Number of protein chains: 2
Amino acid sequence: MAVQHDASLMEKIVSLCKRRGFIFPSSEIYGGLNGVWDYGPLGAELKRNLKDHWWRSMTQLRDDVVGMDGAILMNRAVWKASGHEKTFSDPLVDCKTCKGRFREDQLDTSQCKMKPSKTPRTCGGELSPPRQFNLMLKTTIGAMEDDSNATYLRPETAQAIFVQFKSVLEVARKKIPFGIAQIGKAFRNEINPRNYTFRSREFEQMELEFFVKPGTGQEWLEYWKEERIKWYTEIGIPREKIHVHEVPDKDRAFYSQGTYDLEYAFPFGVQELEGVAYRTDYDLKQHQEHSGKSLEYFDEETKQKYIPHVVEPSAGVDRTVLALLCEAYREEEVPDEKGKQETRIVMRFSPRIAPVKVGVFPLLKNKPELVKKTGEVANLLRPHMAIFYDESGAIGRRYRRQDEVGTPFGVTIDFETLEGPQKETVTLRHRDSMKQERIPIAGLVTRLSAAIR
Amino acid sequence: MAVQHDASLMEKIVSLCKRRGFIFPSSEIYGGLNGVWDYGPLGAELKRNLKDHWWRSMTQLRDDVVGMDGAILMNRAVWKASGHEKTFSDPLVDCKTCKGRFREDQLDTSQCKMKPSKTPRTCGGELSPPRQFNLMLKTTIGAMEDDSNATYLRPETAQAIFVQFKSVLEVARKKIPFGIAQIGKAFRNEINPRNYTFRSREFEQMELEFFVKPGTGQEWLEYWKEERIKWYTEIGIPREKIHVHEVPDKDRAFYSQGTYDLEYAFPFGVQELEGVAYRTDYDLKQHQEHSGKSLEYFDEETKQKYIPHVVEPSAGVDRTVLALLCEAYREEEVPDEKGKQETRIVMRFSPRIAPVKVGVFPLLKNKPELVKKTGEVANLLRPHMAIFYDESGAIGRRYRRQDEVGTPFGVTIDFETLEGPQKETVTLRHRDSMKQERIPIAGLVTRLSAAIR
């Protein structure tokens with residue numbers, strides 16, 4: 001599909017993320033580390049809310065999925081069996097003239113190191129034949145620093161699930177079809193990290209491996225595609241913004257018998273958020289063969305033994321955070337307090353995933369009775385949701401500051417609040433409509449708790 | 001203090017963790033990976049509950065702490081500045097005879113590789129002089145595999161906070177004293193991982209760096225020591241089980257002006273759960289000097305500039321999980337359904353951190369009306385808490401199975417439940433007392449939600 005690439009929109013989002021503390025370059029005071037990012041206070045909360053919603057949807061709300069949490073470091077034999085050690089690589093080309101190293105498939109879009117206006121193909125430098133460059137980050141564990149102690153940081157979380165399939169099956173008291181869900185970090189030595197946090201060297205995945213009876217993989221593939229689309233709408237990405245790309249035979253991994261890419265129209269192009277893949281019994285078979293341990297399932301009803309087939313919805317945490325940031329960003333022309341038009345930046349996060357749920361404000365900071373009462377309201381709300389207390393500046397400016405980080409509600413304590421315990425009310429202000437209403441303090445927790453669920 | 005080391009108790013806990021799916025060795029089907037562990041379905045939930053409670057206590061419930069989530073990979077310059085590259089090491093000794101490598105301080109308790117009944121000191125082998133062995137795991141990032149692209153997996157999460165101190169300060173709208181909280185993985189190449197998950201090569205930390213005005217560090221050290229002790233009691237570790245060890249001058253890091261170790265009596269000895277350290281301004285000073293970026297704070301009230309001092313409560317996730325498992329484990333002699341004495345294993349987790357909150361059971365599985373009604377009750381509870389549905393075996397056995405994983409409540413749907421909508425009641429069974437009571441379905445969510453908070 002045709003897309004308007006919008007570089008200036010992306011710049012604005014990146015700038016807001018830095019200015020308001022969603023995302024920072026890792027080790028920034030030392031010049032950063034290419035392709036690695038830190039989440040600041042608001043980014044960390046946004047990411048947590050996203051992951052919590054996924055975990056809750058996948059495990060707590062379902063009877064047929066259990067969670068696990070595997071380590072990043074695994075025995076190297078895992079990566080031999082999975083095929084990653086041999087084939088998880090990109091073809092690289094060296095320029096003998098400028099000493100640059102480039103992905104062969106990006107020679108026409110990369111920059112020559114000596115003549116930045118040229119590409120490695122057009123600069124006249126002498127290029128080496130391509131060689132395969134493995135994308136896994138290697139490390140050495142134990143007292144001996146030789147290759148026998150080498151292993152890799154996992155390039156995907158899925159293998160931990162396959163390798164523990166039998167152990168989990170034995171303890172979980174589940175029958176097939178059932179799934180194992182996991183959230184965790186993975187690492188890929190991308191030669192050319194790009195598009196902000198979209199293609200990073202350190203990233204987080206939310207993966208479900210759903211084990212099914214042979215012959216039922218295609219129907220479960222359809223099921224999970226639909227479930228996952230629905231899930232994105234629950235976190236605020238509308239159905240029509242999700243592009244479903246059915247990956248054609250020639251582009252699929254050889255072991256897959258069907259893959260859907262769920263894509264989102266980022267300002268830098270339509271890109272994958274999640275792959276939903278029918279991986280057949282490839283992974284379990286490989287591990288059974290290499291480990292010599294049976295990974296078969298015994299079906300008590302049919303008395304058959306088989307290696308289960310797998311349908312995998314695999315989502316990127318960081319890319320979904322980025323999609324939420326892009327989807328939420330709005331600039332609106334609205335009147336300020338004096339009726340003059342001004343530009344309001346507002347992050348229209350779904351209340352469920354917004355990092356802060358409610359701003360709590362005394363109308364004026366130099367009135368002790370207002371500040372005291374505001375503290376009481378803050379203490380009332382704090383056990384139930386993430387709040388932000390702010391007393392500095394005009395109330396309109398405080399609203400705008402919360403608009404810019406996507407806080408869905410504002411509660412303002414004013415002189416009317418103090419008029420008496422029978423009618424203690426506050427102003428409840430709504431981020432999107434900017435409408436204000438008066439509601440009793442006694443009803444705040446119930447009202448807001450329901451709205452952020 | 002004198003401690004009874006209880007190897008057989010530890011064995012029982014390890015066995016339960018494997019049998020019921022709390023903890024598995026990583027990559028177990030390939031022989032494992034020394035010092036690296038995976039959390040199974042119940043372990044993953046227990047760990048999540050623990051981390052969520054820490055995060056909530058540290059961030060949501062406080063007005064003076066914000067969170068962040070930094071990457072595991074950082075620019076190597078961070079580890080030069082922090083001193084880790086030079087000094088984060090253990091002295092190792094090689095045996096030229098058996099080719100073993102040992103920690104110098106463990107020569108008397110290690111085993112010779114050729115004569116396992118002897119130590120490296122007594123086997124007659126020729127020992128090399130000790131040399132320093134850095135405990136950070138090294139890796140290489142980028143297209144060139146040379147040392148200029150090397151960096152380390154972080155050995156502690158704290159440095160990410162120090163390095164981003166200024167960025168967070170600018171966005172968080174907080175005044176000193178204030179803190180930055182973080183949960184994340186860290187890695188140390190322990191030569192001799194031991195005591196189950198206690199000393200692992202891959203582990204998770206929950207760290208708060210609390211920034212204070214110079215001259216106030218000692219009082220904040222006392223404050224955080226007390227806060228942290230209180231926090232452990234909230235998750236079910238009684239005050240009297242926490243040993244506070246004031247680390248003497250000679251054992252403290254040179255930059256620390258006071259450290260308390262909060263320790264727990266594990267079956268393998270009294271060991272540290274958390275260190276609460278007054279780190280002075282050492283870390284920020286180092287990073288200011290090495291990065292050339294000012295990490296000073298401007299105090300608006302006194303118009304002074306200073307480098308803040310830091311008090312750090314640093315807790316281990318995996319060790320706290322292990323303490324919770326050890327603390328919860330009980331064997332009790334109780335009568336079975338026929339009045340015969342039997343041994344009941346029960347994990348007395350605090351309901352707040354228990355992996356499953358309530359077991360939901362039809363009294364009999366071959367009565368469709370019971371099974372149907374049980375499904376309705378399960379659907380009623382599921383959005384509010386982690387439940388486990390079980391229909392197989394005698395009800396007494398199902399209770400025991402949930403006792404063994406620490407599920408605090410059981411709800412059983414029986415024929416009385418079906419007697420009519422006006423008096424729809426279920427049996428609520430309490431794990432610790434094993435008492436049962438009848439309560440109306442309509443009151444279940446409120447009652448249980450309050451009990452697990």
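Labels below follow one simple rule: chain letters A, B, ... track the order of the sequence lines, proteins then strands, and each chain is numbered from 1. Please read all numbers here as calculations on a predicted model, not as lab measurements. The figures here come from the full heavy-atom set of this structure, side chains too, leaving out hydrogens, waters and symmetry mates.
Heavy atoms closer than 4.5 Å to chain A are found in the side chain of F133(B), but not in its backbone. Heavy atoms of K18(B) lying under 4.5 Å from chain A belong to its backbone as well as its side chain. Residue contact with chain A, scored on non-hydrogen atoms closer than 4.5 Å, is absent for K80(B). With a 4.5 angstrom heavy-atom cutoff, N189(B) touches chain A only via side-chain atoms. Of the two parts of R103(A), neither the backbone nor the side chain holds a non-hydrogen atom closer than 4.5 Å to a non-hydrogen atom of chain B. Only the side chain of F187(B) comes within contact range of chain A, with heavy atoms under 4.5 Å apart. With a threshold of 4.5 angstrom between heavy atoms, P25(B) approaches chain A through N, CA, C or O but not through any side-chain atom. Of the two parts of R56(A), only the side chain, counted from C-beta on, holds a non-hydrogen atom closer than 4.5 Å to a non-hydrogen atom of chain B. For I29(A), the parts lying under 4.5 angstrom from a heavy atom of chain B are both the backbone and the side chain. Using a 4.5 Å cut-off between heavy atoms, L61(A) touches chain B through backbone and side chain atoms alike. Neither the backbone nor the side chain of S200(B) comes within contact range of chain A; no heavy atom of the residue lies under 4.5 Å from a heavy atom of that chain. Within the 4.5 angstrom heavy-atom criterion, only side-chain atoms of F388(A), from C-beta onward, approach chain B. Only the backbone of T140(B) comes within contact range of chain A, with heavy atoms under 4.5 Å apart. Only the backbone of R62(B) comes within less than 4.5 Å of a heavy atom in chain A; its side chain stays farther off.
The line from CG of L135(A) to CZ of R201(A) is 10.0 Å long, rounded to the nearest 0.5 Å.
Counting heavy atoms from C-beta outward, D38(A) and D69(B) have side chains that stay 4.5 Å or more apart. Under the 4.5 Å side-chain criterion, counting only non-hydrogen atoms from C-beta, F24(B) is in contact with V171(A). With a 4.5 Å cut-off on side-chain heavy atoms, P91(B) and Q132(B) count as touching. Side chains of F165(A) and L284(A) form a contact here, defined as non-hydrogen atoms less than 4.5 Å apart. A 4.5 Å side-chain heavy-atom check between Y39(B) and V321(B) finds at least one atom pair inside the cut-off. Within the 4.5 Å cutoff, the side chain of V78(A) has no heavy atoms near those of the F162(A) side chain.
Using a 4.0 Å cut-off between a side-chain N of Lys or Arg and a carboxylate O of Asp or Glu, D52(B) and R48(A) qualify as a salt bridge. Using a 4.0 Å cut-off between a side-chain N of Lys or Arg and a carboxylate O of Asp or Glu, D390(A) and R398(A) do not qualify as a salt bridge.
Judged by distance alone, the side chain of K174(B) and the main-chain N or O of D63(B) form a donor-acceptor pair under 3.5 Å. Between the side chain of Q60(A) and the main chain of R382(B), a donor-acceptor pair closer than 3.5 Å is present. Within the 3.5 Å criterion, the main-chain N or O of S27(B) finds no donor-acceptor partner in the side chain of N75(A). E190(B) places no side-chain N or O within donor-acceptor distance of the main-chain N or O of G35(B), the cut-off being under 3.5 Å. K166(B) places a side-chain N or O within donor-acceptor distance of the main-chain N or O of S294(B), the cut-off being under 3.5 Å.
Considering only heavy-atom pairs separated by less than 4.5 Å from chain A, the leading option among H287(B), E45(B), R173(B) is R173(B). Of all the listed residues (V163(A), V168(A), T139(A), L73(A)), the one sharing the greatest number of non-hydrogen pairs under 4.5 Å with chain B is L73(A). Taking chain B as the reference chain and counting heavy-atom pairs below 4.5 Å, the highest number among M385(A), Q164(A), R20(A), E204(A) is found for Q164(A). Put simply, of A77(B), G142(B), A81(B), S392(B), the one with the most heavy-atom pairs under 4.5 Å next to chain A is G142(B). For the set A160(B), S167(B), P193(B), A386(B), the count of heavy-atom pairs under 4.5 angstrom toward chain A peaks at S167(B). Put simply, of M68(A), E202(A), M74(A), the one with the most heavy-atom pairs under 4.5 Å next to chain B is E202(A). When each of E28(A), E170(A), R453(A), H290(A) is scored by its heavy-atom pairs under 4.5 Å with chain B, the top score falls to H290(A). Residue with the most contacts toward chain B among I141(A), N379(A), V66(A), D90(A): I141(A) (heavy-atom pairs, distance under 4.5 Å). Counting heavy-atom pairs closer than 4.5 Å to chain B, the top residue among G32(A), G67(A), G21(A) is G67(A). Your options are R101(B), K138(B), K293(B), and the one with the most heavy-atom pairs under 4.5 Å with chain A is R101(B). Considering only heavy-atom pairs separated by less than 4.5 Å from chain A, the leading option among N192(B), L137(B), I191(B) is L137(B). Across I387(B), I180(B), I72(B), L153(B), the residue that shares the most heavy-atom pairs under 4.5 angstrom with chain A is I72(B).
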Verify side-chain contact (heavy atoms from CB on, under 4.5 Å) between T197(B) and F203(B), making sure each step is shown before the conclusion.
CA-CA 9 Å; T197(B) 57; F203(B) 56 97; over 6 Å; no
